[in-house]
Amino acid sequence: MNNIISGLRARLAPVADRVGTALEPVGRVLGMKSVKYPLRTVGVLLIYALPILHLPLINTENSDFSGVLFTVGTYVLVALGLNIVIGYAGLLDLGYVGFYAVGAYTVGVVTSEHGQWPFFLALPLALVVTMASGVLLGAPTLRVRGDYLAIVTMGFGEIIRIVARNTDWLGGAGGINSIPSPPDIGPEEGLFQIPHLSWQYGYPTIDDRVTKVLHFGVLDATPYFWMILTTIILVICADMLIKNSRVGRAWEATREDEDVAELMGVPTFKFKLLAFAMGACIGGLAGAMYATRVGFINPPSFPLMLSLLFVAAVVIGGAGNRWGAILGAVIVAYLPERFREFADWRLLVFGIALIVIVSFRTQGLFPGRQKKRVAQAEKEVQKLEEGAEIV
Amino acid sequence: MSESEDILLELEAVTIKFGGVVALDDVSMTIKKGEILGLIGPNGAGKTTCFNVITGVYAATSGTISLDGKSLAKRKRYQITKLGIARTFQNIRLFPSMSALDNVLVGADVHSKVGLLRALFRTPYFRRVEPENKRRAVELLELVGVGAQPDEISVNLSYGDQRRLEIARALATNPKLICLDEPAAGFNPAEKLRLMDLIRQIRDLGFTVLVVEHDMKLVMGVCDRIVVLEFGRKIAEGTPSEIQKNPAVIAAYLGTEEADDDAA
């Protein structure tokens, strides 16, 4: 397997290099040292094309594939946000669904329940509101640490849900319905109609289903997927820029040893609050997109279980590594949909899979490079102490 | 230059009580600019407490501490660091899974104003300050002798390198006063000699050094002045040769006949 990958890499590298050189100026503007992005560009385009390619094996036969991809997208977005909170700053947040709900409800309130705002105006508002809710929750609670923080945040998630149920202004137990889709953009003829593929005996044929680019209907989830995928890419870029700066280092230092960080001049409270606000904001973004896609939200859409799934996504993938968190989210969101035919068994299998993952890859599937090295160093020290390897 | 201008840090009648225990009792001392001051005393004498009160970990029950004439009372720990006091720890406390360079960079970031927006938009300020800090961090790594492996995560470094890395991290905050808490703990004689050189080098670079240490050879060899604590009280102060002859110090370390009788 490794041979295949390295062989592939060797063959693709020269091509990648050539395109890379062409892209160099773009990279320089973005402040990156080298541009190894062409391969990734192809990868990204492939992901964009996923909902129309309907690739065999990946495709979900029993539920709408674009819809599944959109759901996976929301989980990925949430995992990216939660990774900042848990992975970078080391704050265990068990009520993350609260922010997701705040984002969804903000959109619901201003576009349907109490206003006629277009979605793309409601979205920035949702960002501001969730960020504010993150600061409001964080300011009093971030003074407690570890387990206590987990309990307080868990309470927050529940409070949001219960408040929504008991507040008529927010639609009460019935929730908010007929949340409009985002407005359509651009023409719907010609090139803006993209046909889907379907596969028979391993050969693709062009299907009569078409996706109208940027036309957000109820039936076709593909434009929603493209919207959330674009958002994810922007969030990843922001994440990279922030992580590789004083802010990222301050988060890590706080996670590693809060007291020492403070003594080394890091205003830890401020940075924890920042992590919380950023995480909240990204969670709210995901919630807002969820609301406009499903068109109907009610309090049971945001159960505690969802918070735990989000944490599971980050931890399975490897907290502290954004790619790990993404992978974790894909696993958590996609696998149960893919194996829907096993109906009742799927959650059991999913649970077992999680147990297997966390027991055999304690650092997550895809831990940060540094974490892996820490674990390795610890193992070596342990071996030496046991005298097992001393010849 | 008058004498008061020479004084960098001043402790005036500092007392710290933990419940009924008096950890520091009416301690007054000064640290002059550019000197290496040793703080010694038997175990439990209050040396580390003294460190903790200077760096803001504990608040003094009474008394005042001032750096360059500015009172440290009511300042948060990170503000004190920013004002110019940095420290190392008796038991190594690096950020374990961060690289050596990143550890030092955290210290160097003290005076940086890079926040979310500056990082996000890579502003000219960011592009000036971050590389500058990085350059300085690399220099400091070389100064303390960890320059060969800047990207190694800190737990993978050897024990001695970890201790020296802590010094680099403290220096990176560009402090007026650097406090070393038992920097030679666990060092062999050769390493101790190199450490003494390093401490002198740090002083020659313009830093003022406060060092707590058990190793008498190192303290006597490197310090300009020494303060001796016992049971939270200052019992002596002077040059190394004065301290070596001071009867109170000898009694504190070796015990008096009376104390021996009590023990027996």
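The chains referred to below are lettered A, B, ... by the order of the sequence lines, with proteins before strands, and numbering in each begins at 1.
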- Query: Is it true that atom NZ of B:K82 has more than 12 heavy atoms of other residues, nucleotides or ligands lying nearer than 6.0 Å?
  - Reply: no
- Note on the structure: Rounded to the nearest 0.5 angstrom, the CE-CG distance for A:M264 and B:L94 is 9.0 Å
- Message: For a quick test of reading the model, state the closest non-hydrogen atom pair linking A:V247 to B:G115 and the distance between them.
- Response: CG2-C, 3.6 Å
- Task: Please flag which part of A:L274 lies under 4.5 Å from any non-hydrogen atom of chain B: side chain, backbone, both or neither.
- Result: side chain
- Query: Roughly how far apart are A:E252 CD and B:N103 CG, rounded to 0.5 Å?
  - Reply: 9.5 Å
- Task: Might you point out which heavy atoms bring A:A253 and B:M98 nearest each other, and give the distance in Å?
- Result: N-SD, 3.8 Å
- Message: Do A:E256 and B:S97 pair up side chain to side chain, a donor and an acceptor below 3.5 Å, judged on atom types alone?
- Response: yes
- Item | Atom pair CZ (B:R118) and CZ (A:R246), whose distance is rounded to the nearest 0.5 Å | 10.0 Å
- Find the distance between CG (B:L105) and CZ (A:R249) and round it off to the nearest 0.5 Å. 4.5 Å
- With a 4.5 Å cut-off on heavy-atom pairs, point out which of A:T268, A:D259, A:L263, A:V266 contacts chain B the most. A:L263
- Message: Is B:F121 in contact with chain A via its backbone, its side chain, both, or neither, using a 4.5 Å heavy-atom distance?
- Response: neither
- Query: Does OH belonging to A:Y148 count more than 12 external heavy atoms closer than 6.0 Å?
  - Reply: no
- Kindly indicate whether the side chain of A:V260, heavy atoms from C-beta on, has any atom under 4.5 Å from the side chain of B:R169. yes
- Query: Do you know which two heavy atoms are closest between B:F126 and A:N244, and how far apart they sit?
  - Reply: CZ-O, 4.1 Å
- Atom of B:V110, atom of A:G265 and distance for their closest heavy-atom approach: CG2-CA, 3.9 Å
- Locate the shortest heavy-atom distance separating A:I242 from B:L116; write the atom from each residue and the value. CD1-CD1, 3.4 Å
- Item | Atom CG of B:N188 with >12 non-hydrogen neighbours under 6.0 angstrom | yes
- Charged N to carboxylate O under 4.0 angstrom, B:R93 versus A:D257? yes
- Query: Quick one: what part of A:A238 sits under 4.5 Å from any heavy atom of chain B, side chain, backbone, both or neither?
  - Reply: both
- Which one of B:S112, B:A119, B:P175 has the most heavy-atom pairs closer than 4.5 Å to chain A? B:S112
